[in-house]
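Data block below; observations after.
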Amino acid sequence: MTFAFDNAPVWLDLLGVFFFAVSGSLLAARKNIDIVGSLLLASLVGLGGGVIRDLILASGPPAAFTNPAYLFPPLLATVLVYFLYTSVKRFTSLLTLFDAGGLALFCMTGTVKALAVGMNPVAAVLLGVMTAVGGGLLRDVTANEVPELFNPRDIYALPAFLGAALTAVLWVAGGFNVLSAAGVAAVVFTFRVLAWRRHWQAPLAVHGWLRRGDTGGSPGGSPGGSPGGFSGPGD
């Protein structure tokens, strides 16, 4: 039995906001940003993807600006990181883990909300991915970091694509419910964390190009690499 997005527990969306917000505050702490900047970065990553989603759907003002509950997770994340960071900073994987949790939840909520307003499944999947990766992209750009979305040595968007696609299939088949949603979230979270830990990589944009540091040199026989970190046939 399916359920509409409006009937889904609000805490699911708020939990995704919280996970992303913690990742933003952790990044702010690592870069020695003050607490005001930490709150702003947490709010940007936690609410950014949902705001983009709601603006594209043109379903009225974004939920972040109409429901005060959405302002609480970034505030809570900022306070927790402020008091606990010195105790947990040795766990370098925390930022990635919280980011993976937000990614797993937002790829579903974005897809379901799009399907609930009548968007076709393919477009709904794309919007689900945009919802999932949008906040992290804004976080990294604002903090002057290389966005994980464009990191050639990591996989970021593919887990969101998988989660959004599974959500759309389950929705169309009438099998999207609380249990299946939890299963999809677990799959996306596991995929993202495994990709990070095992250094899985997607193919580069140009066939035959190598990442700097790969053995064998460039396909054209030149041992050098390009300034951007890659070597290609013409280098």
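For the residue pair C107 and A160, the shortest heavy atom distance occurs at CB-O, 3.7 Å. Between A64 and V51, the shortest heavy-atom contact is CB-CG2, 4.1 Å. Nearest heavy-atom pair, A164 versus T111, reported as atom, atom and distance to 0.1 Å: CB-OG1, 3.3 Å. Residue V81 comes nearest to A29 through the heavy atom pair CG1-CB, 4.1 Å, listed as atom of the first residue, atom of the second, then distance. Across G46 and V17, no two heavy atoms sit closer than the pair O-CG2, 3.5 Å. For V45 against G136, the heavy-atom pair with the smallest separation is CG2-N, 3.8 Å.
Atom NZ of K31 has more than 12 heavy atoms from other residues, nucleotides or ligands within 6.0 Å. Other residues, nucleotides and ligands place no more than 12 heavy atoms under 6.0 Å from the CZ atom of F161.
Distance alone, capped at 3.5 Å, is enough to place a donor-acceptor pair between the D140 side chain and the E148 backbone. Listed for the D54 side chain is a donor-acceptor partner under 3.5 Å among the backbone atoms of A63. Checked by atom type and distance alone, the side chain of N120 pairs as donor or acceptor with a backbone atom of A123 at under 3.5 Å. In this structure, R192 contributes its side chain and I155 its backbone to a donor-acceptor pair below 3.5 Å.
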*asked:* Using side-chain contact (heavy atoms from CB on, under 4.5 Å), reason through R139 and L44 one step at a time and then give a plain yes or no.
replied: CA-CA 6 Å; R139 174 198 63 209; L44 184 65; 5.6 Å; no
_Evaluation steps, side-chain contact (heavy atoms from CB on, under 4.5 Å), between L137 and F150_ = CA-CA 9 Å; L137 179 61; F150 302 124; 3.8 Å; yes
*Could you give me the CA-CA distance, side-chain angles and deciding distance for L41 and T78, then say whether side-chain contact (heavy atoms from CB on, under 4.5 Å) is met?*
CA-CA 9 Å; L41 197 59; T78 302; over 6 Å; no
*Output, in order, the C-alpha distance, side-chain angles, deciding distance and verdict of side-chain contact (heavy atoms from CB on, under 4.5 Å) for T109 and R53.*
CA-CA 10 Å; T109 58; R53 173 197 66 202; 3.8 Å; yes
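Counting heavy atoms from C-beta outward, S43 and L39 have side chains that approach closer than 4.5 Å. Looking at F72 and L14, their side chains never come closer than 4.5 Å, going by heavy atoms from C-beta outward. Looking only at side-chain heavy atoms (C-beta outward), V79 and Y82 stay at 4.5 Å or farther from each other. At least one side-chain heavy atom of L27 sits less than 4.5 Å from a side-chain heavy atom of L95. For the pair Y85 and L80, the minimum side-chain heavy-atom distance is 4.5 Å or more. Side-chain contact between L127 and L57: present, with at least one pair of heavy atoms (C-beta onward) separated by less than 4.5 Å.
Distance check, rounded to the nearest 0.5 Å: CZ of F19 to CG of L15 gives 4.0 Å. Within the model, atoms CG of L76 and OG of S25 stand 9.5 Å from one another, a figure rounded to the nearest 0.5 Å. Separation of atoms CG (L126) and CD1 (I56) is listed at 10.0 Å; rounding is to 0.5 Å. Within the model, atoms CZ of F91 and CG of L26 stand 12.5 Å from one another, a figure rounded to the nearest 0.5 Å. Separating the CH2 atom in W196 from the CG atom in N151 is a distance of 12.5 Å, to the nearest 0.5 Å. Annotation: the span from Y156 atom OH to L103 atom CG amounts to 5.0 Å, rounded to 0.5 Å.
Inspection of the N177 and S180 side chains reveals an N or O donor paired with an N or O acceptor under 3.5 Å.
Put simply, L97 and V22 are part of two different groups of oily side chains (I, L, V, M, F, W, Y) that touch within less than 4.5 Å, one to the next. In this structure, I33 is not a member of the same hydrophobic cluster as L94, with clusters built from ILVMFWY side-chain heavy atoms closer than 4.5 Å. Note on F98 and V187: same hydrophobic cluster, where clusters join Ile, Leu, Val, Met, Phe, Trp and Tyr whose side-chain heavy atoms are under 4.5 Å apart, directly or indirectly. Residue L105 is grouped with residue L194 when hydrophobic side chains (ILVMFWY) are merged at heavy-atom distances under 4.5 angstrom, including chains of intermediate members. Both L170 and L115 sit in one connected hydrophobic cluster of ILVMFWY residues. Membership requires side-chain heavy atoms under 4.5 Å apart, directly or through other members.
Between W171 and F176, the ring planes are tilted. Angles from 30° to 60° get that label. Using cut-offs of 30° and 60° on the angle between ring planes, the pair W200 and F191 is tilted.
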